[in-house]
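See below for the structure under consideration.
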Amino acid sequence: FDRYKIWPGDRESWVNGGVRIQTWPTAGGIALAGSQGFPGFQPGDAADEIRNNEAAYLDLEGKLGNPVTLGLAGRAERYSDFGSAITGKAAARFEFVPGFALRGAIGNGFRAPSLQQQFFSSTATNFIGGVPFEIKTLTPTSPAAKALGASDLRAEKSTNISLGMTAEPMRNLSVTVDGYWIDISDRIVFSENFTGAPIRAILSSAGFPSVGGGRFFTNAIDTKTRGLDVVTRYGFEFGRAGTLRLTGSANWTKTEATRTSATPPQLSGLDEVLFGRVERTRIERGQPRRTIHLNGDWSIGNWVIAAHEAYFGDVTAASLNTTTGVYVEQKYTGKWITDASLGYKFLNGFQLTVGANNLTDVYPDQVLPVFSNRGVLHYPLVSPWGFNGGYYYTKLSWNPGR
């Protein structure tokens, strides 16, 4: 049983108070209504939606002789708002030599749109070329979204294939390598931001003169994801000198949009696209294609020492000035991030830990002026490790079972 509800914000957070702009360069002009940056939820944004779904699944696994393990799983479910679906998965593992095995799986998936994707509505201040304007996130079924060509959301469907191997060539050492293929059809993404005088004219003629622009969730694309995971673990036992556990992992992932929905007829001739270069960049290059994680944990007596080194690869953000038609993108270089901690175990299950996340205080590359919202932002929102620098802490924990 799911319920999703939005309450209207305080009236002062969204109302137009009628006060003129006091400062240069737009002194005397009409200010945007509501709280600066993110006005409160307006009465028209209010929502109270529910749905329910039932599901049943059966999972079977067994050995076919000593070297082969087979698994079969099936799931049937019914949504009150998206009908029924049947999904399944088949998996196999073949240990051709003791300690060495091949494994693989194939399955399909089904994901109904979330209530948030169907019913979230809000107004926010965006900037194009440094000029602020109000953009509204519309529910796909709202009359304003329909005026811009929105369609009711459909469920996403996927096909998943994986193939890999595991090895334990020696005591305390394990290695796994897995490749995977994921194809998603009717993937739900944000549309482009539809703005400009022609868009305002369409919205005004549809009875929404106060909406300056809009975007909405839509089943705009199909995607394919290809990836590879490699994980290695090794442990050292030093007797009185304690135990050292090392883990190294690497991931390579690439996602591409393989199909894009056509521009709705309501926007034909306006140089608008449903899923454009900005959103494509977000999906395809807004997350690292390569990551590396190196972990070490050393326990010696009552002391616990941990270190984590992570590499996050390049990411790219994009912006399009709908007034000038200029497309700009910026690539942010990959960085190594170090976490470390030192803990001491006391009697009765207490442990005192001193540590740091992002020990060396690494920041992402600074943004170009076009991404800074007139100097408000210094660092990219797409940074995989954030933009708050180092975080240092002391922690006292208690585990009564120890």
When you measure from the side chain of T291 to the backbone N and O of F312, does any donor-acceptor pair fall under 3.5 Å? no

Within 6.0 angstrom of I86 CD1, more than 12 heavy atoms from elsewhere: no

Taking it one step at a time, do R280 and E256 satisfy side chain to side chain contact (heavy atoms under 4.5 Å, CB included)? CA-CA 8 Å; R280 179 182 289 273; E256 295 179 292; over 6 Å; no

Taking the side chain from Q22 and the backbone from R20, do they hold a donor-acceptor pair closer than 3.5 Å? yes

Beyond-backbone contact of F216 with L148, side-chain heavy atoms, under 4.5 angstrom: yes

Contact check, side chains of W181 and S162, non-hydrogen atoms, under 4.5 Å: no

Could you measure the distance from the CD atom of E309 to the CG atom of L359? Nearest 0.5 Å is fine. 9.0 Å

Any side-chain heavy atom of T176 sitting closer than 4.5 Å to one from V230? no

Between D10 and E12 (side chain of the first, backbone of the second, donor and acceptor by atom type, cut-off under 3.5 Å), is there such a pair? no

Go through the steps to decide whether Y180 and I161 satisfy the test side chain to side chain contact (heavy atoms under 4.5 Å, CB included), and finish with yes or no. CA-CA 6 Å; Y180 51 89; I161 302 173; over 6 Å; no

Examine distances only and state if a side-chain atom of E95 and a backbone atom of V68 form a donor-acceptor pair shorter than 3.5 Å. no

Where do A147 and A206 come nearest, in terms of heavy atoms and distance? CB-CB, 3.7 Å

Report the distance from atom CD1 of I6 to atom CZ of F119, rounding to the nearest 0.5 Å. 10.5 Å

Looking only at heavy atoms, what is the nearest atom pair of S121 and T139, with distance? CB-CG2, 4.0 Å

Considering only NZ, NE, NH1 and NH2 on the basic side and carboxylate oxygens on the acidic side, decide whether R154 and D186 come within less than 4.0 Å. yes

What class does the angle between the rings of F94 and F96 fall in, given that below 30° is parallel, 30 to 60° is tilted and above 60° is perpendicular? tilted

Heavy-atom neighbours of R259 CZ exceed 12 at 6.0 Å: yes

If you look at every heavy atom in F371 and A317, which pair is closest and at what distance? CZ-O, 3.7 Å

Between the main-chain N or O of D222 and the side-chain N or O of T258, is there a donor-acceptor pair closer than 3.5 Å? yes

Among K331, Q330, K335, side-chain hydrogen bond (donor to acceptor under 3.5 Å, both in side chains) partner for D365: K335

Side-chain donor-acceptor pair present, S174, E168, cut-off under 3.5 Å: no

Quick one: do R111 and F82 satisfy side chain to side chain contact (heavy atoms under 4.5 Å, CB included)? Show the steps, please. CA-CA 10 Å; R111 192 187 77 83; F82 278 94; over 6 Å; no

Hey, what's the ring geometry for F120 with F41, parallel, tilted or perpendicular (30° and 60° as the breaks)? perpendicular

For atom CZ of R11, decide whether the heavy atoms of other residues, nucleotides or ligands shown that lie under 6.0 angstrom number more than 12. no

OH/Y391: more than 12 non-hydrogen atoms of other groups inside 6.0 Å: no

Would you call W252 and R226 a side-chain contact if the rule is heavy atoms closer than 4.5 Å? no

For the residue pair W398 and F350, does the interplanar ring angle fall in the parallel (under 30°), tilted (30 to 60°) or perpendicular (over 60°) class? parallel

Atom CH2 of W298: over 12 foreign heavy atoms under 6.0 Å: no

Inter-residue atom distance Y79.OH - D2.CG, 0.5 Å rounding: 8.0 Å

If you measure only the distance, is there a donor-acceptor pair under 3.5 Å linking the side chains of Y379 and S372? no

Look only at the side chain of S205 and the backbone of I202, and say whether a donor-acceptor pair between them is shorter than 3.5 Å. yes

Is the side chain of S13 donor-acceptor paired with the backbone N or O of G9 at a distance under 3.5 Å, no angle test? no

Using a cut-off of 6.0 Å, state whether more than 12 heavy atoms not belonging to R233 lie near its atom CZ. no

Whether the side chain of D339 engages the backbone of N358 through a donor-acceptor N/O pair (distance < 3.5 Å, no angle test) should be reported. yes

Audit row: H293, H308, side chain to side chain contact (heavy atoms under 4.5 Å, CB included) steps and yes/no: CA-CA 7 Å; H293 294 273; H308 176 214; 3.0 Å; yes

What I want to find out is whether R187 reaches E156 closely enough, with some N-O distance under 4.0 Å, to be called a salt bridge. no

Approximate separation, where rounding is to 0.5 Å, of E284 CD and T225 OG1: 10.0 Å

Within a reach of under 6.0 Å around CG of D59, are more than 12 heavy atoms found that belong to other residues, nucleotides or ligands? yes

Can you check whether P8's main-chain N or O pairs, donor with acceptor, with W14's side chain at less than 3.5 Å? no

Tell me, do T137 and F190 make a side-chain contact under 4.5 Å, heavy atoms counted? yes

Within a strict 4.5 Å, meaning less than it, do heavy atoms of the S341 and Y393 side chains meet? yes

Residue pair A220 / L274: nearest heavy atoms and the distance that separates them: CB-CD2, 4.1 Å

Check E77 with R75, please: is the shortest side-chain N to carboxylate O separation under 4.0 Å? yes

K345 to Q351 - nearest heavy-atom pair and separation: CG-OE1, 3.5 Å

Distance, nearest 0.5 Å, that separates OG of S114 from CG of L153: 8.5 Å

Where is the tightest heavy-atom contact between V367 and P380, given as atom of each residue plus distance? CG1-N, 3.4 Å

I need the L115 CG to D81 CG distance, nearest 0.5 Å. 7.0 Å

Salt-bridge present (K146, D152; N to O < 4.0 Å): yes

With a 4.0 Å cut-off, would you call D178 and R103 a salt bridge? yes

Is any side-chain heavy atom of L244 closer than 4.5 Å to one of D297? no

Does any part of the side chain of S249, heavy atoms only, come nearer than 4.5 Å to the side chain of D229, both counted from C-beta? no

Passes side-chain hydrogen bond (donor to acceptor under 3.5 Å, both in side chains), N251 versus T253? Steps please. CA-CA 6 Å; N251 169 264; T253 300; 2.8 Å; yes

Ion pair present between K136 and D45, side-chain N to carboxylate O less than 4.0 angstrom? yes

For S299, does its backbone N or O pair with a side-chain atom of T243 as donor and acceptor, under 3.5 Å? no

Y392 atom OH, neighbour heavy-atom count above 12 within 6.0 Å: yes

